[in-house]
J.: 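Please read through the structure below; I'll follow up with questions.
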Amino acid sequence: ALALRGERDLDGLRVAVSAGGTREPLDPVRYLGNRSSGRQGVALALAAADRGAEVVLVAAHLDDGVLADAARHPLIRIERAGTAAELGLAMRAVSEDAAVIVMAAAVADYRPAEVAEGKLTKESGVLESIDLVQNEDIVASLAARRHPGQVVVAFAAETPQDEAEMLARARRKRERKGVDLLVVNEVGWDRGFEMAENTVQVIGEGGAVRARASGSKRSVADDIWDVIAADLG
Ligand code: CTP
Ligand code: CA
């Protein structure tokens, strides 16, 4: 794997990567969101582009500064998407002619059933509870309509009791979503999200562990691309 680094082994490969967390508006001043920093997704985009791939990076909400290097990269084009619905539309469009789809974004599972025109108030009583509706599973729908040879990669952040439970969940999730590869990492109150480092396992066909990677999000990204590159043949 290390021998590949520095080489343009992904030259000309068209890649679609999503990164960051979606925000689902409730009213003009509030949203439902999550703690995704976007770092692992952007690292995947940069790693691919440095290896010669042509990358479209669909960026949801990310921490400040995370996009800076990607914005300067000649092989990366950035599109913005705020909500799950916008991200789904953008990914569907850019996936048409992508050989690889990497869904690293943290997509909200639910959105408020109604978005209020004006700011909701305590006086109105409606802030007591919020009705939610489920968002489409974007990566599952991209996998269901993928064309022959297209590789679809999903991510999962889990808070398991132990390693065995994490792998079991990851294997079920890979099957459920119908993706080729599922990258799983353990998260918690104090790990995973805003960190520079990450530890992941890549689950492939039949639930096999194709790779375990630990280190900077960039080096983890390169290890993930090594697995994808092997599948592209
Ligand atoms: N994902 C997606 N569309 C959604 C939700 C998730 O495409 N509406 C994608 C993420 O981008 C990621 C993977 O699915 O690649 C991870 O989803 P995850 O939240 O772990 O799985 P869920 O099926 O939502 O299950 P859970 O109940 O554990 O959240
Ligand atoms: Ca989810």
Side-chain angles (χ1 to χ4, degrees), residues 15-25 31-45 48 55-62 66 79-95 98 100-113 132-146 150-162 165-188 191-193 198-204 207 210 213 217 220-221 224-225 227-228:
V15 167
V17 178
S18 69
T22 69
R23 289 182 184 173
E24 311 301 319
Y31 59 83
L32 300 183
N34 60 68
R35 285 177 55 200
S36 174
S37 69
R39 281 176 217 283
Q40 186 64 70
V42 172
L44 281 149
V55 180
V56 181
L57 173 58
V58 176
H61 295 273
L62 314 93
V66 172
E79 286 189 23
R80 301 307 301 249
T83 63
E86 288 167 6
L87 194 113
L89 278 177
M91 284 303 286
R92 235 189 301 286
V94 304
S95 294
V100 182
I101 299 167
V102 177
M103 273 291 293
V107 182
D109 292 321
Y110 293 86
R111 65 180 181 276
L132 301 175
V133 291
Q134 203 165 338
N135 284 325
E136 174 201 28
D137 190 323
I138 298 164
V139 76
S141 99
L142 292 172
R145 42 178 273 158
R146 70 178 171 283
Q150 197 174 37
V151 176
V152 181
V153 185
F155 282 72
E158 305 287 353
T159 56
Q161 297 297 333
D162 55 37
E165 189 198 337
M166 182 170 78
L167 284 174
R169 269 200 229 171
R171 289 177 173 128
R172 283 202 305 275
K173 197 166 278 186
R174 179 183 164 280
E175 291 292 331
R176 195 167 70 228
K177 291 178 183 287
V179 297
D180 299 294
L181 298 171
L182 185 127
V183 181
V184 59
N185 73 316
E186 190 175 338
V187 295
R191 67 186 130 166
F193 288 110
N198 204 5
T199 298
V200 308
Q201 303 197 50
V202 183
I203 312 299
R210 296 282 306 280
K217 289 190 174 176
V220 166
I224 294 168
W225 280 110
V227 176
I228 298 169

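Both counts, for ligands and for their atoms, begin at 1 and track the order of listing.
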J.: Taking salt bridge (Lys or Arg N to Asp or Glu O under 4.0 Å) as the test, write out the residues that go with R92, two or more places apart.
T.: E136
J.: Between the side chain of R39 and the main-chain N/O of V66, is any donor-acceptor distance below 3.5 Å?
T.: no
J.: Got a salt bridge between E165 and R169, using NZ or NE/NH1/NH2 to carboxylate O under 4.0 Å?
T.: yes
J.: Using atom types as modelled and distance alone, determine if a side-chain donor or acceptor of Q201 lies under 3.5 Å from a backbone N or O of V184.
T.: no
J.: Tell me whether R111 contacts the main-chain N or O of E24 through its side chain, where contact means a donor paired with an acceptor under 3.5 Å.
T.: no
J.: Quick one: does N34's side chain have a donor or acceptor within less than 3.5 Å of a partner on A106's backbone?
T.: yes
J.: Between the side chain of Q150 and the main-chain N/O of S95, is any donor-acceptor distance below 3.5 Å?
T.: yes
J.: Return all protein N, O or S atoms below 3.0 Å from the Ca ion (ligand 2), chain by chain in residue order.
T.: D109 OD1, D109 OD2
J.: Does a side-chain N-to-carboxylate-O contact under 4.0 Å join R146 and D180?
T.: yes
J.: So, using side-chain hydrogen bond (donor to acceptor under 3.5 Å, both in side chains) as the criterion, who are the partners of E79 when residues are at least two apart?
T.: R77
J.: Measure and list all N/O to N/O distances between ligand 1 and the protein that fall under 3.5 angstrom.
T.:
{"from": "ligand 1", "atom 1": "3 (N)", "to": "I138", "atom 2": "N", "distance (Å)": "3.0"}
{"from": "ligand 1", "atom 1": "7 (O)", "to": "I138", "atom 2": "N", "distance (Å)": "3.3"}
{"from": "ligand 1", "atom 1": "7 (O)", "to": "V139", "atom 2": "N", "distance (Å)": "2.8"}
{"from": "ligand 1", "atom 1": "8 (N)", "to": "E136", "atom 2": "O", "distance (Å)": "2.8"}
{"from": "ligand 1", "atom 1": "11 (O)", "to": "M103", "atom 2": "O", "distance (Å)": "3.4"}
{"from": "ligand 1", "atom 1": "11 (O)", "to": "A105", "atom 2": "O", "distance (Å)": "2.7"}
{"from": "ligand 1", "atom 1": "14 (O)", "to": "K177", "atom 2": "NZ", "distance (Å)": "3.1"}
{"from": "ligand 1", "atom 1": "15 (O)", "to": "M103", "atom 2": "O", "distance (Å)": "2.7"}
{"from": "ligand 1", "atom 1": "15 (O)", "to": "F155", "atom 2": "N", "distance (Å)": "2.9"}
{"from": "ligand 1", "atom 1": "15 (O)", "to": "F155", "atom 2": "O", "distance (Å)": "3.4"}
{"from": "ligand 1", "atom 1": "20 (O)", "to": "K173", "atom 2": "NZ", "distance (Å)": "2.7"}
{"from": "ligand 1", "atom 1": "21 (O)", "to": "K173", "atom 2": "NZ", "distance (Å)": "3.3"}
{"from": "ligand 1", "atom 1": "23 (O)", "to": "R176", "atom 2": "NH2", "distance (Å)": "3.3"}
{"from": "ligand 1", "atom 1": "23 (O)", "to": "K177", "atom 2": "NZ", "distance (Å)": "2.9"}
{"from": "ligand 1", "atom 1": "24 (O)", "to": "D109", "atom 2": "OD1", "distance (Å)": "2.9"}
{"from": "ligand 1", "atom 1": "28 (O)", "to": "K173", "atom 2": "NZ", "distance (Å)": "2.8"}
{"from": "ligand 1", "atom 1": "29 (O)", "to": "D109", "atom 2": "OD2", "distance (Å)": "3.3"}

